[in-house]
Amino acid sequence: MTRADVLVVILAAALLAVLYAHFWSAPTLAAQVRVQEGNQPPRIYALDQDRVIRVRGPLGDSVLRIRHGRVRFVSSPCRGKICVHAGWLSHAGEAAACVPNRVSVQVLGQDPRFDAINS
């Protein structure tokens, strides 16, 4: 391995570190959450006030909790409970939904983490 090879490896590692810091840095924490209930207009809640929110859907009540600047589904009447397993959401752009119960939450902020999600 020559000196030029060593220099290229060092520069590549440095560039990788810079790119990682730029593109994978911590996303912006958010201040609000939008709760969508079926075809109803969305409701906006502040994330700085701890509260429990009951949202009525066609299957029953979904329970959301806002605590310490985060939001999560605590319980929902759906079978798979994917919404509950999504856990705490705190960064702009994060979202969770109970599709069978037609309830969704999205964290709002200045710099969303994702602009679109495809599966």
Side-chain angles (χ1 to χ4, degrees):
M1 199 170 194
T2 67
R3 288 186 206 174
D5 293 335
V6 172
L7 181 62
V8 168
V9 170
I10 291 172
L11 289 175
L15 179 63
L16 182 63
V18 169
L19 290 174
Y20 180 82
H22 178 71
F23 289 111
W24 292 97
S25 62
T28 307
L29 293 177
Q32 295 180 323
V33 63
R34 176 179 33 211
V35 178
Q36 182 72 45
E37 173 188 346
N39 294 331
Q40 301 296 321
R43 292 183 280 168
I44 308 293
Y45 295 96
L47 287 174
D48 61 355
Q49 296 177 352
D50 294 354
R51 65 175 70 193
V52 174
I53 303 166
R54 291 191 179 278
V55 183
R56 170 107 16 234
L59 299 179
D61 287 351
S62 291
V63 179
L64 307 170
R65 169 172 260 160
I66 297 175
R67 186 173 180 195
H68 303 300
R70 308 177 301 172
V71 64
R72 73 170 297 165
F73 276 88
V74 174
S75 66
S76 198
C78 57
R79 284 188 357 184
K81 308 274 190 243
I82 294 171
C83 53
V84 175
H85 296 300
W88 289 103
L89 310 173
S90 60
H91 298 104
E94 291 182 327
C98 181
V99 176
N101 206 28
R102 297 184 185 168
V103 176
S104 66
V105 297
Q106 181 180 14
V107 180
L108 305 175
Q110 293 287 355
D111 187 21
R113 191 171 184 183
F114 307 107
D115 61 354
I117 297 177
N118 296 318
S119 57

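Nothing here was measured: the structure is a model prediction, and the numbers come from that model. Numbers for residues simply follow the sequence, beginning at 1.
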Give, for atom [atom1] of [X] and atom [atom2] of [Y], the distance between the pair rounded to the nearest 0.5 Å.
X	Y	atom1	atom2	value
Arg65	Ser75	CZ	OG	10.5 Å
Gln106	Leu89	CD	CG	10.0 Å
Leu108	Ile44	CG	CD1	5.0 Å
Gln40	Arg102	CD	CZ	11.5 Å
Phe73	Asn101	CZ	CG	8.0 Å
Leu47	Arg70	CG	CZ	10.5 Å

Please answer: with hydrophobic residues joined when any side-chain heavy atoms are less than 4.5 Å apart, are [X] and [Y] in the same cluster?
X	Y	answer
Ile53	Val107	yes
Val84	Val35	yes
Met1	Ile10	yes
Leu11	Val8	no

Closest non-hydrogen atom pair, [X] against [Y]:
X	Y	value
Lys81	His85	O-CD2, 2.8 Å
Ile66	Gln49	CG2-O, 3.5 Å
Pro100	Pro58	O-CG, 4.2 Å
Gln36	Pro42	OE1-CB, 3.4 Å

Presence of salt bridge, Arg43 and Glu37, under 4.0 angstrom:
yes
Can you confirm whether [X] sits close enough to [Y] that some side-chain heavy atom of one is under 4.5 Å from a side-chain heavy atom of the other?
X	Y	value
Leu64	Val55	yes
Tyr45	Arg51	yes
Pro77	Ser62	yes

Backbone N or O of Ala86 within a donor-acceptor pair of the Arg72 side chain at under 3.5 Å?
no
Would Val52 and Val63 count as a side-chain contact (heavy atoms from CB on, under 4.5 Å) if you check the C-alpha gap in whole Å, the side-chain angles of each, and the deciding distance to 0.1 Å?
CA-CA 7 Å; Val52 174; Val63 179; 3.6 Å; yes
So does Leu59 have more than 12 non-hydrogen atoms from other groups sitting under 6.0 Å from CG?
yes
Would you please name every residue forming a salt bridge (Lys or Arg N to Asp or Glu O under 4.0 Å) with Asp61, sequence neighbours left out?
Arg56
